[in-house]
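Heads up, the thing below is written out as structure tokens.
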Amino acid sequence: MMRTSDLVSSAARALRANPMRSALTALGVIIGVASVVAMVALGSGAQAQVERSIASLGSNLLIVVPGSMRGGGGVRAAAGPGAGWDSLTIEDANAIRQQVEGAVVVAPSQRSRAQVIAEGLNWNTQVEGVTPDYLVARDWEIAQGRFFEDSEERQARRIVVLGATVANELFPNVDPVGQTVRINGGAFEVIGVLASKGQSGFGMDQDDIVLAPLTTVKRRISGRNRRADSVSQISVKAANEGELNRMQQDVETLLRQRHRTREGEDDFTVQNLSSITQAAAQTTQVFTYLLGGISAVSLLVGGIGIMNIMLVSVTERTREIGLRKALGARQSDILHQFGLEAVTLSVAGGIIGLVLGVLGAWGMTSLFNLPLVVAPQNAAMAIGFSALVGVVFGAYPAWRAAQLDPIEALRRE
Amino acid sequence: MAPPLIEAHDVVKLYQMGEETVRALDGVDLSIERGGFCAIIGPSGSGKSTLMNIIGALDKPTSGRIVIDGAEIGGMDDEGLAGFRNRTIGFVFQSFNLLPRLTALENVELPMIYGGIAPAERRERAAALLHRVGLGDRVAHRPTQLSGGQQQRVAVARALACRPALLLADEPTGALDTNTGKEILALFSELSREGATIVLVTHDAEVAAATKRTIEMRDGRIIADTNNERISRHDAHV
Ligand SMILES: Nc1ncnc2c1ncn2[C@@H]1O[C@H](COP(=O)(O)OP(=O)(O)OP(=O)(O)O)[C@@H](O)[C@H]1O
Ligand SMILES: [Mg+2]
């Protein structure tokens, strides 16, 4: 019975005898593992990015908007300012707050586009009339200054809170808090700046926004072509994700009662952000598997390279194998020796490939501005998989070596 | 009387070459005592190597029974055969068969690795054996850095590594010049005097005469079996 230490040192010696050949053989596995690791990391990074940016819209959130969803495609019917566009009201929001169980925060808001001017600079942006609850519903944070109070909202005070993009555009060099901006000819005091949220999952700059009290916006900014109490959106936040589906149904039922509409003829749409997040995450996950699968093919090719070289090596060393058998090597000793050579090649290739793959993933993710995600279990899997490649593709050559007839082998030149 | 070390009964080895059947061994009966020192001679193709390989458990006979050191080879599986080659047989080949990447010491260690002997003991025994065959100052040399005679000495040391009951040598001097061949033969004689059982194949009548017993083969059969000691003693009287 051969000792493990002798087995290891004989495999190492055999691989060192042909360093160039060993390196080139391992290269196949190196490239395979590196590309799998890099691709999976890139895909996971994209996935994390999508999840993060969708989550930045607000978590556990239902968004009610006027107009109906056409079909299942998620495209809102192109409802102009005509029928159905003004269908949501502040009373609807109040009713949801009172009657839908589990609604932690209900925040009606009115959005309109406007030109914002400050000391010669101007910027066309979204002005959103909101209540202080909106901040909670959408998980916004205040970076500077403060947000307005419920009382200020009711009094329709001329105050605004700027999104980070607007603040940068209008006040590149000064602290915006305390400054004055002009919207639709009226003067508004800036009382705060929102913390940056970056791009949403749909490519919009979420920081390109101005928040103002809802009543202020309705009276002074959005104009008179709308019903006095209409809103363009109601955000409903649930305590946890598990309640979202039930709450979506409750909101729909309630609004149908209030609007006297039947299912299928709704003049409103309830969007569930968590289901959108899931769908997007699933898409990127499929993408990740696809990338990983394609690069796994190169790992397969690397494995075939190992098999090829091991077969060459067995042929070259036939006489040595015959001699070892004549000196008392058992079939299992020969099997282990050649098997270990193959596994050593593939695992060494796997480790080097992992390092190169992580470096490559780091390069690509920083190029595309994605988060770098390397899960330890993925790294362990890469090493384990390359060992498996060595076992699978080394098995046949090693078996061939073990089966050699000592007399035939010794006679070979 | 102790049973002989080698007992072969009606050993037949056939090779099928297309239509034709080659009778490499055609019913060989043989018995060799412990401590024997035999030479097998005969023309090329007479079956000498075939017989050696079968005795050394490298090859299997087509039929017949072989018992060596009390063990019947025919019934052994791979593990049994490997153990038998490792512990009972020491092989010396015409072409040395040293591993070129290993030093002389490591080559001698090789059978002990398969015998599961601990590294420290292995090294000590290998060094002692190399010293014994006169290569105490060549332990770190690789085969390519040694002369043919020195390589064959390393091979003899390797054959002795696991203290085998039987030393088999197929034309051990065949690849050496006359003088070097004589030195190797002298080494075998010494080992024989120390009690080893040795069977060697040779084409050289002088080499055969130096052994105690000469077995002559032709066409796969043993045609003569001579005791050289009696002859030499008889010669001495005359
Ligand atoms: N693998 C084989 N296949 C077919 N025939 C074989 C094989 N090995 C040996 N033979 C035949 O068996 C016979 C005996 O061969 P063997 O090698 O034993 O002869 P030998 O006495 O050792 O000859 P030499 O002195 O030339 O070494 C020869 O006729 C040879 O052709
Ligand atoms: Mg021969």
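Proteins come first, then strands; the chains are lettered A, B, ... in the order of their sequence lines, and each starts at number 1.
Heavy atoms of other residues, nucleotides or ligands lying less than 6.0 angstrom from NE2 of B/His131 number 12 at most. In the displayed structure, B/Glu20 atom CD is contacted under 6.0 Å by at most 12 heavy atoms of other residues, nucleotides or ligands. Applying the 6.0 Å contact sphere to OH of B/Tyr15 captures more than 12 heavy atoms from other residues, nucleotides or ligands. A 6.0 Å sphere centred on CZ of B/Arg163 holds no more than 12 heavy atoms belonging to other residues, nucleotides or ligands. Open room surrounds CE on A/Met381; 12 or fewer heavy atoms of other groups in view lie less than 6.0 Å from it. Atom CG of B/Asp77 has more than 12 heavy atoms from other residues, nucleotides or ligands within 6.0 Å.
With A/Arg3 contributing its side chain and B/Gly116 its backbone, the two residues share a donor-acceptor pair below 3.5 Å. No donor-acceptor pair under 3.5 Å is formed between the side chain of B/Asn97 and the backbone N or O of A/Leu323. No donor-acceptor pair under 3.5 Å is formed between the side chain of A/Asp6 and the backbone N or O of B/Ile113.
A donor-acceptor contact closer than 3.5 angstrom is absent between the side chains of B/Tyr114 and A/Arg330. Between A/Arg319 and B/Ser95, the side chains place a donor N or O and an acceptor N or O closer than 3.5 Å (distance only, hydrogens not considered).
Note on A/Arg317, A/Glu408, A/Glu320: by heavy-atom pairs under 4.5 Å with chain B, the leading option is A/Glu320. When the candidates B/Asp59, B/Leu98, B/Leu99 are compared by the number of heavy-atom contacts under 4.5 Å with chain A, B/Leu99 comes out ahead.
No part of A/Leu7 comes within reach of chain B, as not one of its non-hydrogen atoms sits under 4.5 angstrom from that chain. With a threshold of 4.5 angstrom between heavy atoms, B/Phe93 approaches chain A through side-chain atoms but not through N, CA, C or O. Of the atoms belonging to B/Gln94, not a single heavy atom falls under 4.5 Å from chain A. With a 4.5 Å cut-off on non-hydrogen atoms, B/Ala118 touches chain A through its backbone and its side chain both. Interface remark: B/Arg158 contributes side-chain atoms only to the contact with chain A (heavy atom separation under 4.5 Å).
Nearest heavy atoms, A/Leu327 versus B/Asn86: O-ND2, 2.8 Å. Of all non-hydrogen atoms in B/Arg85 and A/Pro406, the two that sit nearest each other are NH2-CG, 4.0 Å. Here the closest non-hydrogen pair linking B/Ala82 and A/Ala329 is CB-O, 3.7 Å.
Side-chain contact between B/Leu58 and A/Lys325 is absent, with no heavy atoms from C-beta onward closer than 4.5 Å.
Of the inter-residue distances, the one linking A/Ser10 atom OG with B/Arg101 atom CZ reads 9.0 Å to the nearest 0.5 angstrom. Separating the CG atom in A/Leu410 from the CG atom in B/Asn53 is a distance of 8.0 Å, to the nearest 0.5 Å.
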